[in-house]
Amino acid sequence: MTLPSHDTLTAETTDVLRRLGVDALSADGDLPAHSPVTGGELGRLRATTPDEVTAAVAAAHDAFLEWRTVPAPARGQLVRELGLLLREHKEDLGALVSIEAGKIRSEGLGEVQEMIDICDLAVGLSRQLTGLTIASERPGHRMMEQWHPLGVVGIISAFNFPVAVWSWNAALALVCGDPVVWKPSEKTMLTALGCQALVREAIRRVGAPEALSTVILGDAAVGERLVDDPRVALLSATGSTRMGKAVAPRVAARFGKLLLELGGNNAAVVAPSADLDLAVRGIVFSAAGTAGQRCTTLRRVIAHESIVEDLVTRLTAAYETLPIGSPLADGTLVGPLVDEASYRGYSDAIAKAKANGGTVLVGDERVLADEAPDAFYVRPTLVRMPTQSEIVQTETFAPILYVMTYRDFDEALEMHNDVPQGLSSSIFTLNVREAERFVAADGSDCGIANVNIGPSGAEIGGAFGGEKETGGGRESGSDAWRAYMRRTTNTINYSTELPLAQGVEFGV
Ligand code: UN1
């Protein structure tokens, strides 16, 4: 499968950016934007200075003081406009995701669809930010809860979902009354600017304060300014556990709120009764899709010993024929790794797995290196492992799937939970007892537990996130909006007496 020439790719990028209204490329910029499709540079951007970050947060805070008094359903109109603009520019923004993150076209478009979906959810939510009324123990009193806007939300996002994860945060934050200041990955800055151009247009159309949405670009120093600013009421960070460990104590030290969505090491238990056709399709999409670069990517299969040989034969056949190549070409299912460091992670992990007794069934192979020496395409790799050794317990952000076996169900659950991460999980079984046990309190310890589908590809309607080293945050649907608001408890006395709670007497 042939790759596009870098000139063709650059020309498409320039056209897409123009249509999205982005005019930020500058020849003398200090930040290069690359495409993993060819490995070449697409252009340069100017980095935000740390002082500009502080100014951006100050402006966002001023916008907050205004936006928090706008009725929530009116705030929803801004997100409604954003959703309309995303529909209009879906092709272009999706193309930019494919060019800059290396996702196949369908996944690039799917990511924009995920943004549209969360906008729809947020618009509805703007009329449903409801609190409780609670029975008071005192006569003539009423208790209630209100949810008020929180403040500036800082968003740190990763390259692999360069716009959807921003939109999970931004769509909710904006209806909840909070401005957003966004530091995207340095690997996907153009996509972020495309998105920012659309949200600024939505802001202009509804006449909202411009500083409701800002993008800051740069390295860790830029991120640190955002993380440390006391006006950033909530910091929502998506990325590696290492990044989370650096960021979380700094935010906690100033009593800021945190929403963390960090590493995953997601597994599928395949039970004796599993529908293997379905399991194979689910496994291959979750493990090889997005070239293994989702936080929800399937990295471990725990298969019952009675079906493992059959499963492995079918998986090997599917892996051998996976079309790898330009994510922009029709028919490709596996695009590139994002950069050389990712490729090194891939080969080092496979070497460690082999040293730990693993047998590579398919993969351990770089492809298209002659055609594109600066791009890093690899064959998704299937490794049979004798035990769950340390390398299996480590998240490697690449398409490597470790297959292990189990004998009884408790052993499978134990292996399943015996990793430091706790994002997503799945079981393939037609046995109702196993299915229910897997999602019960003593089953999977992850934030997401699925039955008869893989661990990736969640819809926006559910709360998204996980436990342990995944960081505990929940984004997107369900009641995740509460993280973007502050709760006040109000006790209202409409009587002429002043009874004290707990029967306390204080006669004055
Ligand atoms: C991520 O990889 O950071 O569930 C997010 C999924 C997508 C989101 C992944 N909806 O795979």
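For ligands, and for the atoms within them, numbers begin at 1 and follow the listed sequence. Since this is a predicted model, take the numbers as computed values, not measurements. Quick note: numbers below take in every heavy atom, side chains included, and nothing from hydrogens, waters or symmetry partners. We count residues from 1, following the sequence as given.
Neither the backbone nor the side chain of E459 has a heavy atom within less than 4.0 Å of ligand 1.
Remark: ligand 1 atoms within the under-4.0 Å shell around heavy atoms of C295 are 1 (C), 2 (O), 3 (O), 5 (C). Taking every non-hydrogen atom of A458 and a distance limit under 4.0 Å, the qualifying atoms of ligand 1 come out as 4 (O), 6 (C), 10 (N). Each of the following atoms of ligand 1 lies closer than 4.0 Å to a heavy atom of E114: 7 (C), 8 (C), 10 (N). The distance from ligand 1 to the heavy atoms of R294 drops below 4.0 Å at these ligand atoms: 2 (O), 6 (C), 7 (C), 11 (O). Which parts of ligand 1 touch E261 is read off a 4.0 Å heavy-atom cut-off, strictly below it: atoms 3 (O). Taking every non-hydrogen atom of N160 and a distance limit under 4.0 Å, the qualifying atoms of ligand 1 come out as 1 (C), 2 (O), 3 (O).
With sequence neighbours excluded, no residue forms a ring pair (Phe, Tyr, Trp, His ring centres under 6.0 Å) with F159.
Side-chain contact between L20 and L198 is present, with at least one heavy-atom pair separated by less than 4.5 Å.
Cation-pi geometry between R294 and F161 is not satisfied (NZ or CZ under 6.0 Å from the ring centre, within 45° of the ring normal).
Between Y406 and H304, the ring-plane angle classifies as perpendicular under the 30° and 60° cut-offs.
Of all heavy-atom pairs between A291 and L337, the closest is O-CD2, 3.8 Å.
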